[in-house]
Amino acid sequence: VTKMTGYAGGFFEKALAVDEAGISLFVIGNPDYTEGMSFEEVCSRLSQLTGARIGRDRQFEVAVIGCGMGSEGYLTNDARIAIDDAQYVFGSKRMVDIFGGEKQSFPFYKPIDIIQYLDRLSSSLADDTIKTVVLYSGDSGFYSGAAALMPALYDWKNEQKDRGTKVYIRQIPGVSSISSLASLLNIPYEDSSVLSMHGVEQDDESDMTLVTTVRNSERTFLLISKPSDLIHYGKVLNDAGLGKVQLVMALDMGTPDCRLFSMTAEESSERSEEDIPEGLGTVYIHNHDPLDTVGFALKDSDFIRHETVPMTKEEIRYVILGKLGLHKGDIFFDIGCGTGSISVAAAGISDTIHVYAIDDDDEALAATKENKEKYGRDNITVLNATAPDNFDLLPKPDAAFIGGSNGRMREIIRGVRDKNRGVRVVASAVSLETLNEIMEVMREIPNSSVDIIQLTIGKTVTVEKYHMVKALNPVFIACISFE
């Protein structure tokens, strides 16, 4: 006869001895034995009593998923597994209706709404591991709402770390609308231009971006807000002289209702909104004869010249553009634009740079317009005006080049400074008098600085069987900044 003493009390050795002796074993058990409480139940009870969270570290897993074209066939295997494993699903109503199934779903896709609900889940649930997914159409890394969500998620992750919760974030890519449409049309897309006008206001700036891109690209893919946008953009292209480019719009890709519509920009401009059905659309634009003149490295011989109009020479242009340091989205004044060589080169750096070419000479304006048209620089606005008299009508410049001043250098420098104290200014001078005028005005303006470069270019010329170096006139380049 023995008690149930367990391993520590030698129970198993006793039982073995009884067996070897061939006698009966009687065990006295504990009549009050119960299963007790699990570890999780103990932690939960202690949390209720103390008001503090007690237990294993909580984990939050958030997967941001690109769901392709909105059907199971376009969903990757990794995405399907993550959705199946998730307890909670976020996304637009269309996404959660398609992929959410019976899971608890929240029809939210904006970062602020998602973070608020994640906070609620984190503070109210007792689960050790919480798995959530956020669903976006297309590819999560391609013009997706995920771009705004990811920084917000990492900020939230840092906040949760301070509260004892570990957060793991990952992205799962999907099939984009661009790759889907390219596959439908059996064309490559690695060298295509891509523009997103989804949610973009239809104004002169966005229209100009489209025209410049299509004019210089054989293949352009365009993301639009609604199918009827095809009419607007067809009209924009037709008005810009691109009426023959081919437009192909795909609606509802990845579904049995997928349809393709093909027409020229000219034909599209003649349609009415009633002619275009509803759906989710992506557009492919084919230009059979692109200009392909993007860039600023143009030779002097590339420009249309007028005999009486001066032009900033090729090597000088490169230095000036380098000193201007133009960025995407900049507003740039080319004051005294002459032939337009600086304007055309600057506009070729990026079609998001808007150039205002300013001159009051009719021949100069004509030459600039001709070169603008030759190179399809739709981001140049040519103005017949005398600087700085028209500055109050123009937007704030990020950079300005002064190539001609008509004796008003002092007024022009002060004028661009008054428009924007952070403006970057480069001025050229071929005479000492002009250089002196620049130095005088800089001495008058407090908290300003100027660096002067004296540039002399020598180029070879052929004289019979010899190559001689012929010097061009020296040029002074003033790089001006204000504090």
Side-chain angles (χ1 to χ4, degrees), residues 65-80 94-95 98-99 136-144 146 172-198 209-238 240 242-271 275-294 351 376:
I65 299 175
C67 296
M69 297 297 96
S71 66
E72 284 287 341
Y74 280 86
L75 199 66
T76 66
N77 189 51
D78 282 352
R80 181 72 270 169
R94 173 172 167 263
M95 289 292 101
I98 295 172
F99 300 109
Y136 290 98
S137 62
D139 179 14
S140 59
F142 182 77
Y143 290 107
S144 170
I172 301 176
V175 180
S176 73
S177 57
I178 300 303
S179 59
S180 298
L181 180 52
S183 297
L184 281 175
L185 300 177
N186 294 315
I187 59 173
Y189 63 95
E190 71 271 7
D191 59 347
S192 301
S193 296
V194 177
L195 288 176
S196 176
M197 295 299 179
H198 183 76
T209 298
L210 173 67
V211 169
T212 302
T213 302
V214 173
R215 196 187 299 279
N216 288 283
S217 306
E218 180 182 359
R219 290 187 284 264
T220 302
F221 286 91
L222 179 65
L223 308 182
I224 56 178
S225 297
K226 55 185 184 300
S228 59
D229 289 346
L230 187 70
I231 297 171
H232 170 78
Y233 293 122
K235 186 176 187 306
V236 168
L237 292 171
N238 187 55
L242 295 167
K244 300 304 180 184
V245 300
Q246 194 71 27
L247 310 181
V248 179
M249 180 172 66
L251 289 182
D252 300 325
M253 287 185 291
T255 74
D257 297 325
C258 178
R259 293 147 289 168
L260 291 176
F261 299 85
S262 181
M263 65 196 78
T264 64
E266 183 179 10
E267 292 167 342
S268 172
S269 67
E270 297 169 352
R271 298 286 187 96
D275 296 331
I276 307 296
E278 291 298 316
L280 298 173
T282 303
V283 178
Y284 168 69
I285 305 173
H286 190 85
N287 182 359
H288 295 277
D289 188 25
L291 284 176
D292 194 22
T293 58
V294 174
D351 56 22

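What you see below is based on every heavy atom in this structure, not just the backbone, and it leaves out hydrogens, waters and symmetry mates.
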Return the [atom1] to [atom2] distance between [X] and [Y], rounded to the nearest 0.5 Å.
X      : Y      : atom1 : atom2 : value
Asp139 : Ser180 : CG    : OG    : 10.0 Å
Glu190 : Ser179 : CD    : OG    : 12.5 Å
Leu181 : Ser176 : CG    : OG    : 9.5 Å
Arg94  : Leu280 : CZ    : CG    : 5.0 Å
Ile231 : Ile276 : CD1   : CD1   : 4.5 Å
Leu222 : His198 : CG    : NE2   : 12.0 Å

Can you confirm whether [X] sits close enough to [Y] that some side-chain heavy atom of one is under 4.5 Å from a side-chain heavy atom of the other?
X      : Y      : result
Tyr233 : Met197 : yes
Asn287 : Thr220 : no
Pro290 : Asn216 : no
Lys244 : Thr264 : no
Ser192 : Ile187 : no
Leu223 : Thr282 : yes
Met249 : Met263 : no
Ile285 : Leu210 : yes

Mind running side chain to side chain contact (heavy atoms under 4.5 Å, CB included) on Phe142 and Val194 for me, showing each step along the way?
CA-CA 10 Å; Phe142 182 77; Val194 177; 3.5 Å; yes
Check [X] against [Y] and note the closest heavy-atom contact, atom names and distance.
X      : Y      : value
Cys67  : Leu75  : CA-CD1, 3.8 Å
Ser71  : Gly254 : OG-O, 2.9 Å
Leu230 : Ser268 : O-OG, 2.8 Å
Ile172 : Ala79  : CG2-N, 3.9 Å
Gly281 : Leu251 : CA-CD2, 3.6 Å
Ala250 : Leu260 : CB-CD2, 3.5 Å

For Thr212 and Thr209, indicate whether the former's side chain and the latter's backbone hold a donor-acceptor pair under 3.5 Å.
no
State whether the side chain of Asp252 and the backbone N or O of Gly279 hold a donor-acceptor pair below 3.5 Å, judged by distance alone.
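Here the side-chain-to-backbone pair does not exist.
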Would you call the rings of Tyr189 and Phe221 parallel, tilted or perpendicular if under 30° counts as parallel and over 60° as perpendicular?
perpendicular
Can you classify the ring geometry of Tyr284 versus His286 as parallel (below 30°), tilted (30 to 60°) or perpendicular (above 60°)?
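Judged by the thresholds at 30° and 60°, the geometry between Tyr284 and His286 is tilted.
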